[in-house]
Amino acid sequence: MALGRAFFDRPVVDLAQALLGCVVVRDDPAAGRCSGLIVETEAYDGPDDRASHARFGRTPRSSIMFGPGGRAYVYLVYGMHRLLNVVAGPDGAPGAVLVRAVGHHEGVALMAARRGQPGSTSPRLAAGPGLVTQALGVGLELNGTDLTRQGPLWLAAPPREVAAALAVDGIVTGPRVGVAYAGSPWAERPWRFGWRDHPALSRPFPRSGVPGA
DNA sequence: ATAGGGATTCTC
DNA sequence: AGAATCCCTATT
């Protein structure tokens, strides 16, 4: 059962936290299904956020960020890595959440094969935003995909036991990665969220904390 | 039409 | 610490 549109209609920083524990499902007709648990996210807000692609206003690339929530925003960085984002709603309010890391769920073997590491069961197969798309087989052709309906790429609510485990472990926050160019205060905003001590985190959080602290 | 740069990852 | 690599945005 896919998460409905209403789930995404909230401030992007709230959405970034709400997505932790959710399941990102990749259904490829040829390769089959794999899915992962979202364990790390970052929020990118509207034009005021100097780290966000929306800082240039509505451009061809960022236009998806200005649309309704619950759609995928996939783009290329550094000429080689594809990054997956979840657009926040409502329509007209730009914002997107970068999926920085996912943990194992379904189709680990398929994900390992896509990573070029057949047979690996490392929990860190998708520990990093570029690795997430590589492991899940997410390409630019999926930009704009409606994540609220079962299809090639969609999102599901956290399984019961996952939600329970996350509640026990807690959420850590920190500054977003690789956005020094944005300057103060945007580079320091604690808009990176992670499942505390999860093995699939992309890299250590410099300081521990709780949302809102 | 062209130049500057990046929400990364891997290797030296 | 540095390269790989190309699309996007801004500027001329």
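Order of the sequence lines sets the chain letters (A, B, ...), proteins ahead of strands, with each chain counted from 1. All values reported here derive from a predicted model rather than from experimental measurement.
Using a cutoff of 4.0 Å between basic side-chain nitrogens and carboxylate oxygens, A:R176 and A:D49 are scored as salt-bridged.
Minimum heavy-atom separation, A:L201 to A:W195: CD1-O, 3.5 Å. In terms of heavy-atom proximity, A:G137 sits nearest to A:L142 at O-CD1, 4.4 Å.
For the 3.5 Å distance criterion, the side chains of A:D27 and A:W154 qualify, holding a donor opposite an acceptor. In the model, A:S202 has a side-chain atom that pairs as donor or acceptor with a side-chain atom of A:R100 under 3.5 Å.
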Exercise. Reading nucleotides 6-12 of chain C 5' to 3', which nucleotides get B (base under 4.0 Å from a protein heavy atom), which S (sugar-phosphate only), which -?
Worked result: BSSSS--

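Atom CG of A:D91 has more than 12 heavy atoms from other residues, nucleotides or ligands within 6.0 Å.
Under the 4.5 Å side-chain criterion, counting only non-hydrogen atoms from C-beta, A:R71 is in contact with A:I64.
Between the CZ atom of A:R50 and the C1' atom of B:dG5 there is a distance of 15 Å, given to the nearest Å. Between A:H81 atom NE2 and B:dG5 atom P the separation is 20 Å, expressed in whole Å. What separates CG of A:L84 from P of B:dT9 is a distance of 13 Å, to the nearest Å. Counting to the nearest Å, the C1' atom of B:dT9 and the CD atom of A:Q134 are 9 Å from each other. Per the geometry, CZ belonging to A:R100 stands 11 Å off C1' belonging to B:dT9, to the nearest Å. At whole-Å resolution of the value, CG in A:L98 and P in B:dG6 are 16 Å apart. Between the CZ atom of A:R115 and the C1' atom of B:dC10 there is a distance of 10 Å, given to the nearest Å. Straight-line distance from the CD atom of A:E42 to the P atom of B:dA7: 10 Å, rounded to whole Å.
The phosphate of B:dA7 (OP1 or OP2) has no side-chain N or O of A:R189 nearer than 4.0 angstrom.
Judged by the 6.0 Å and 45° rule, A:R10 forms a cation-pi pair with A:F7.
Proximity of the aromatic rings of A:Y44 and A:H53 is defined here by a centroid distance below 6.0 angstrom, and this criterion is not met.
When the C1' atom is used for both B:dG5 and C:dG2, the distance is 16 Å, rounded to whole Å.
Using a 4.0 Å heavy-atom cutoff across all strands shown, A:R203 reaches no nucleic acid atom at all.
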Problem set entry | Watson-Crick and G-U pairing of DNA chain C written in dot-bracket, each distance under 3.5 angstrom, with | for inter-strand partners | ||||.||||||.

